[in-house]
Amino acid sequence: MTSLAAPVAPLLLTPATMIGELVAARPALARLFEKLDIDYCCGGKQTLAVACSRRGLELTTTLAFLESAGALLLAGPTEVDAAAMGLAELADHIESTHHAYLKSELPRLSEMAQRVATKHGWRDARLTEVAAAVHALTEEMISHMEKEEKILFPLVRHIEKSRQPTDALAGPIRQMEAEHQSAGQLTAQLRELTDNFLPNAEACNTHRALLAGLAEFETDLHRHVHKENNVLFPRALALAAA
Ligand SMILES: [Fe+2]
Ligand SMILES: [Fe+2]
């Protein structure tokens, strides 16, 4: 008997394709946008044409790259398909993966950044700014996740279960999106302060581990915020309005 691989629908992209919607439908494509340094989470509400022009990328070449690299990625193992999950299931997934990761990783990064600033801040003042930004990010994200876990996610689970329209979601979601924006800005500031998370020749091992940890943090934050901004929140709002 011949076994056939599951067919993958061809990737048809146009200049008007919305990036956030595309990654919501095909989460595996997230890493391509990371490679191109195109924001697909907080900045997901933009078309491919707009994103390319903002990044100075040639549109036709970029579409061709996304279609061919995307087809390869989609044929392989993928990131979880958030769009196919129930809302409670997605909230559980976000808590057990992204939130759990941040709760253990942020204090570690914060401690390392402080150590690097104390030891080497005298020769590079930016290291002190890095430590301050990581500290601020840690405080913000810990409080942000607490609000999602104690207020917003329980409300989303309740709405999915009860199917009763409510306008109680809009305010908390707006607040969470504003906080995502702020975390995104602090992360972009960290990328700039660290020359794209790349160590220089004198960087000690802690400094190198810090930069690798920050780069990983940025990737995880993009995926995390994408699942909330582009999948969980709009679907919960649609359900609450029904
Ligand atoms: Fe979250
Ligand atoms: Fe969030």
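Counting starts at 1 for both ligands and their atoms, in listed order.
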Enclosure of K147 NZ (heavy-atom neighbours >12, cutoff 6.0 Å):
yes

Heavy-atom count check: over 12 atoms from other residues, nucleotides or ligands less than 6.0 Å from E149 CD?
yes

Looking only at N, O or S atoms, which one in E148 sits nearest to the Fe ion (ligand 1)?
OE1

Residues K227, E148; criterion salt bridge (charged side-chain N to carboxylate O under 4.0 Å, His left out); working and verdict:
CA-CA 13 Å; K227 286 173 193 167; E148 287 181 340; over 6 Å; no

Is the Fe ion (ligand 2) less than 2.8 Å from an N/O/S atom of E179, whether that atom is in the backbone or a side chain?
no

Hey, is the Fe ion (ligand 1) within less than 2.8 Å of some N/O/S atom on H224?
yes

Has R174 got more than 12 heavy atoms of other residues, nucleotides or ligands less than 6.0 Å from its CZ?
no

Backbone or side-chain N/O/S of H180 under 2.8 Å of the Fe ion (ligand 2)
yes

Residue that, paired with H224, satisfies side-chain hydrogen bond (donor to acceptor under 3.5 Å, both in side chains) out of H99, H180, H98
H99

Taking the Fe ion (ligand 1) as the apex, OE2 on E228 and NE2 on H99 give an angle, to 10°, of 120°

